[in-house]
Amino acid sequence: MKPQNKEYSENYLFNDLKGLCLISPTDSVKPIFEPKIRLGILASGNGSNFEYIIKAIKNNQLNAEITILIVNNPDCLAINKAIKYNINYVIINHRICDSRLEHDNLVMNKLEELSVELVVMAGWMRIVGERLINRFKNRLINIHPSLLPSFKGIDAIQQAIDKRVKITGCTVHYVQKEVDSGSIIIQAAIPIKQDDSKETLTKRIQEMEHIILPLAIAKVAKDIRTIVRDNK
Ligand code: GAR
């Protein structure tokens, strides 16, 4: 049952999910900032997070424009979403690069060429090097399907199932050199049900990812805008 205490219940943001999740912090529900932030999205997979960023922009929940989708994999389904929503995209295939540095540089050059202000890894399955990380310091964020610092790296959802934890979740964090280790921006906690399969749990985690990623983008964008104003 959902607790009735006011302060506590305010943390249950999304009643339609029947209290089956907890998002924190909740101060980032709709940060206001101007002008629009220029986003670069990096993706390797289905692109559902990419699509929910687009929806958040279309619904006026996020004051942003997506200047480019960069994918590293030519078969990535995120491309279909870019086509559907008429968003500029480019394939920078890591398999045709001689080194990680060469791939990172191609990605970085494209982001710089388009004056991207905030880079969002939305299902990006590649480690990036220090040069790119430093170039976008405090402006490069990633979404990961676990309650970090638990279950870093690949197949985080299966890792949580294997460890038989009772609560898992998803995290948006700044990217730093060590994988899945940068400071945490926002998290959602999700109970694991006894009869959960990897598929059912993945579905619930992704529903929460689609909510917290736009919130995290808005929170970081507001910080970027505030820092720019303070420096003027
Ligand atoms: C998301 O669940 C995201 O958290 C995960 O990949 C999925 C991409 O889904 N990312 C990682 O595991 C990164 N370590 P999508 O392509 O449908 O947005």
Side-chain angles (χ1 to χ4, degrees), residues 7-17 21-43 47-69 111 115-124 128 132-150 152 156 168-176 178-190 205-232:
E7 208 178 308
Y8 200 60
S9 63
E10 273 174 2
N11 280 334
Y12 283 86
L13 254 183
F14 299 99
N15 291 335
D16 53 328
L17 290 165
C21 61
L22 172 71
I23 291 177
S24 184
T26 51
D27 64 321
S28 53
V29 172
K30 201 176 176 188
I32 307 294
F33 57 90
E34 293 280 356
K36 267 183 193 174
I37 198 93
R38 291 173 64 79
L39 301 178
I41 312 292
L42 309 185
S48 71
N49 279 287
F50 168 52
E51 185 166 27
Y52 274 83
I53 297 169
I54 299 169
K55 288 183 179 173
I57 295 171
K58 284 191 183 297
N59 297 336
N60 294 322
Q61 288 170 320
L62 189 57
N63 191 16
E65 66 179 297
I66 300 177
T67 57
I68 186 101
L69 166 76
L111 294 168
S115 306
V116 165
E117 297 174 283
L118 173 55
V119 185
V120 181
M121 293 178 167
W124 177 255
V128 293
L132 199 154
I133 293 171
N134 292 337
R135 176 65 187 80
F136 286 93
K137 192 168 165 44
N138 296 327
R139 297 189 296 125
L140 174 58
I141 65 175
N142 177 49
I143 185 148
H144 183 76
S146 77
L147 268 188
L148 289 174
S150 293
K152 297 175 181 177
T168 185
C170 46
T171 303
V172 184
H173 63 95
Y174 289 100
V175 175
Q176 69 172 37
E178 295 74 25
V179 175
D180 300 327
S181 296
S183 357
I184 290 170
I185 301 160
I186 187 166
Q187 292 186 301
I190 297 151
I205 290 177
Q206 291 205 334
E207 279 170 4
M208 293 314 298
E209 290 188 340
H210 301 156
I211 294 169
I212 68 167
L213 185 54
L215 294 178
I217 292 170
K219 194 173 161 66
V220 175
K222 187 178 177 191
D223 287 349
I224 291 172
R225 288 284 174 261
T226 309
I227 290 161
V228 169
R229 209 176 37 239
D230 289 352
N231 287 340
K232 270 188 182 163

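- Legend: residues meeting side-chain contact (heavy atoms from CB on, under 4.5 Å) with Ser181, ordered by chain and number and at least two apart, are Lys152, Gln176, Glu178.
- Listed by chain and number, the residues in a side-chain contact (heavy atoms from CB on, under 4.5 Å) with Ile37 are Phe33, Leu39, Ala64, Glu117, Leu118, Ala221, Ile224, Arg225 (sequence neighbours excluded).
- When all heavy atoms of Ala122 and Ile143 are compared, the closest pair comes out as CA-CG2, 4.2 Å.
- Ile68 CD1 to Ser115 OG: the interatomic distance, rounded to the nearest 0.5 Å, is 12.0 Å.
- Between Pro214 and Glu209, the shortest heavy-atom distance links the atoms CD-O, 4.1 Å.
- For Arg38, the salt bridge (Lys or Arg N to Asp or Glu O under 4.0 Å) criterion is met by Glu65, not counting sequence neighbours.
- Applying the side-chain hydrogen bond (donor to acceptor under 3.5 Å, both in side chains) test to Lys55 and every residue at least two apart in sequence or in another chain returns nothing.
- Across all non-hydrogen atoms, the minimal contact from Ser146 to Thr168 is CA-OG1, 4.0 Å.
- Rounding to the nearest 0.5 Å gives a distance of 13.0 Å between CG of Asp223 and CZ of Arg139.
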request  = Check the pair Glu207, Ile190 against side chain to side chain contact (heavy atoms under 4.5 Å, CB included), reporting the backbone distance first and the verdict last.
outcome  = CA-CA 10 Å; Glu207 279 170 4; Ile190 297 151; over 6 Å; no
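- Under the side-chain contact (heavy atoms from CB on, under 4.5 Å) criterion, Lys58 pairs with Ile54, Tyr85, not counting sequence neighbours.
- Ring-plane geometry between Tyr52 and His210 is classed as parallel, the angle between the planes falling under 30 degrees on a 0 to 90 degree scale with a further cut at 60.
- Rounding to the nearest 0.5 Å gives a distance of 6.0 Å between CD1 of Ile53 and CD1 of Ile66.
- Using a 4.5 Å heavy-atom cutoff, the side chains of His173 and Asn142 are in contact.
- Between the side chain of Thr171 and the backbone N or O of Leu148, at least one donor-acceptor pair lies under 3.5 Å.
- Under the 4.5 Å side-chain criterion, counting only non-hydrogen atoms from C-beta, Ile186 is not in contact with Lys219.
- Closest heavy-atom contact between Ile205 and Gly169: CG2-O, 3.8 Å.
- Between the CG atom in Asn63 and the CD1 atom in Ile217 there is a gap of 12.5 Å [rounded to 0.5 Å].
- Counting only heavy atoms from C-beta outward, the side chains of Ile212 and Gln187 never approach each other to under 4.5 Å.
- Remark: Tyr174 engages no residue in a ring-ring contact (aromatic ring centres under 6.0 Å, His included) (not counting sequence neighbours).
- Closest non-hydrogen pair, Gly40 versus Leu111, comes out as CA-CD2, 4.1 Å.
- For the atom pair Thr67 OG1 and Lys36 NZ, the distance stands at 12.0 Å (nearest 0.5 Å).
- Closest of all the heavy-atom pairs between Leu215 and Ile211 is CG-O, 3.3 Å.
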